[in-house]
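Bear in mind that the values here come from a model prediction, so they are computed numbers and not experimental data.
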Amino acid sequence: MRIGELAARAGTTTRTLRYYESRGLLAARRTDNGYRTYDEDDLRLLQQIRTLQDFGFELEETRPFVECLRAGHPAGDTCPASLAVYRRKLAELDALIGELSAVRAQVGAELARAELTAAARLPGGPEPRCELSPPTTEGMTQ
């Protein structure tokens, strides 16, 4: 298939395919008249790259998966280098989850403190005005 058909089937652009080719992730064969041609294996490579990028992998992190497929493995994630990338990505995600959990705990603590402060207002006292709210026109004469 030619580059336009491959791009359409992979849900990407010809520009992206040319970029992948320049990065060595996709290898085009050339016809006598210079057109790039691809086959179903190239489509599988692209699907592997796209799936990994949807998971948050950087383009260069997909290289071991592509090389695994090119080596003839039925799946790009069964080679030792691919497994190592999975492990690194999981460690990265675990670290991010830890950071987000810590931020969530801080926001929760601030919310609890703010709710206690709001609940401690004296009954009958003036309503505190939120700095972000515009002033009301109640009680103002025109």
Side-chain angles (χ1 to χ4, degrees), residues 1-122 125-142:
M1 72 188 92
R2 297 213 342 227
I3 193 168
E5 182 182 351
L6 179 63
R9 289 185 62 193
T12 191
T13 64
T14 57
R15 183 177 180 183
T16 298
L17 298 184
R18 287 186 194 99
Y19 178 70
Y20 290 171
E21 185 178 339
S22 75
R23 301 293 308 224
L25 293 169
L26 185 64
R29 287 153 302 284
R30 299 281 184 159
T31 62
D32 291 338
N33 59 3
Y35 289 117
R36 290 173 170 91
T37 61
Y38 303 92
D39 58 22
E40 294 298 319
D41 289 339
D42 296 313
L43 180 60
R44 283 186 43 226
L45 290 175
L46 287 172
Q47 290 168 335
Q48 179 79 72
I49 291 169
R50 299 272 315 220
T51 298
L52 292 168
Q53 287 192 307
D54 288 347
F55 292 160
F57 286 71
E58 298 294 327
L59 184 60
E60 194 55 36
E61 291 176 310
T62 68
R63 187 173 301 280
F65 298 85
V66 169
E67 290 171 357
C68 190
L69 284 170
R70 280 190 185 143
H73 294 269
D77 60 2
T78 57
C79 295
S82 303
L83 296 171
V85 172
Y86 271 156
R87 287 185 193 100
R88 279 194 308 270
K89 184 55 80 175
L90 278 177
E92 179 184 313
L93 291 170
D94 287 342
L96 288 171
I97 289 168
E99 290 172 21
L100 287 172
S101 294
V103 169
R104 186 188 189 291
Q106 289 175 335
V107 170
E110 289 299 314
L111 173 61
R113 181 201 50 76
E115 288 176 334
L116 284 174
T117 301
R121 289 186 303 217
L122 295 174
E127 282 291 316
R129 190 163 30 163
C130 178
E131 296 290 326
L132 299 177
S133 299
T136 62
T137 57
E138 289 180 2
M140 297 177 88
T141 59
Q142 293 182 342

Distance-minimising heavy-atom pair for [X] and [Y]:
| X | Y | value |
| --- | --- | --- |
| Leu25 | Ile49 | CB-CD1, 4.2 Å |
| Arg44 | Pro74 | NH2-O, 2.9 Å |
| Pro64 | Val85 | CG-CG2, 3.7 Å |
| Ala7 | Thr13 | CB-C, 3.7 Å |
| Gly56 | Lys89 | O-NZ, 3.1 Å |

Could you work out, with salt bridge (charged side-chain N to carboxylate O under 4.0 Å, His left out) as the rule, every residue matching Asp54, not counting sequence neighbours?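 In terms of salt bridge (charged side-chain N to carboxylate O under 4.0 Å, His left out), with neighbours along the sequence ignored, Asp54 is linked to no residue.
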
With sequence neighbours excluded, what pairs up with Arg113 under the salt bridge (charged side-chain N to carboxylate O under 4.0 Å, His left out) test?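 Counting only residues at least two positions away or on another chain, Arg113 forms a salt bridge (charged side-chain N to carboxylate O under 4.0 Å, His left out) with Glu110.
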
Might you confirm whether atom [atom1] of [X] has over 12 heavy atoms from other residues, nucleotides or ligands at distances under 6.0 Å?
| X | atom1 | answer |
| --- | --- | --- |
| Gln53 | CD | yes |
| Asn33 | CG | yes |
| Arg15 | CZ | no |
| Arg29 | CZ | yes |

Hey, mind stepping through Arg70 and Leu45 against side chain to side chain contact (heavy atoms under 4.5 Å, CB included) and telling me if it holds? CA-CA 8 Å; Arg70 280 190 185 143; Leu45 290 175; 4.0 Å; yes

Any Lys/Arg nitrogen of Glu60 or Arg63 sitting under 4.0 Å from an Asp/Glu carboxylate oxygen of the other?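 Between Arg63 and Glu60 there is a salt bridge, with a charged N closer than 4.0 Å to a carboxylate O.
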
Are any of the side-chain nitrogens in Glu21 or Arg18 under 4.0 Å away from the carboxylate oxygens of its partner?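 Between Arg18 and Glu21 there is no salt bridge, as every charged N stays at least 4.0 Å from the carboxylate O atoms.
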
Distance, nearest 0.5 Å, that separates [atom1] of [X] from [atom2] of [Y]:
| X | Y | atom1 | atom2 | answer |
| --- | --- | --- | --- | --- |
| Thr31 | Arg36 | OG1 | CZ | 11.0 Å |
| Ser82 | Leu52 | OG | CG | 8.5 Å |
| Gln106 | Ser101 | CD | OG | 11.5 Å |
| Leu43 | Glu40 | CG | CD | 5.5 Å |
| Arg2 | Leu17 | CZ | CG | 13.5 Å |

Is there a side-chain contact between [X] and [Y] (heavy atoms, below 4.5 Å)?
| X | Y | answer |
| --- | --- | --- |
| Leu46 | Thr16 | no |
| Leu59 | Tyr20 | yes |
| Leu111 | Glu115 | yes |
| Glu67 | Cys79 | no |
| Thr78 | Cys68 | yes |
| Tyr38 | Leu26 | yes |

So, [X] side chain and [Y] main chain: donor-acceptor pair closer than 3.5 Å or not?
| X | Y | result |
| --- | --- | --- |
| Thr14 | Ile3 | no |
| Arg50 | Gly11 | yes |
| Asp39 | Asp42 | yes |

For Tyr86, what residues pass the ring-ring contact (aromatic ring centres under 6.0 Å, His included) criterion, not counting sequence neighbours?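 Partners of Tyr86 by the ring-ring contact (aromatic ring centres under 6.0 Å, His included) criterion, ordered by chain and then number, come out as Phe65.
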
Test side chain to side chain contact (heavy atoms under 4.5 Å, CB included) on Val107 and Arg104 and set out the steps. CA-CA 5 Å; Val107 170; Arg104 186 188 189 291; 5.8 Å; no

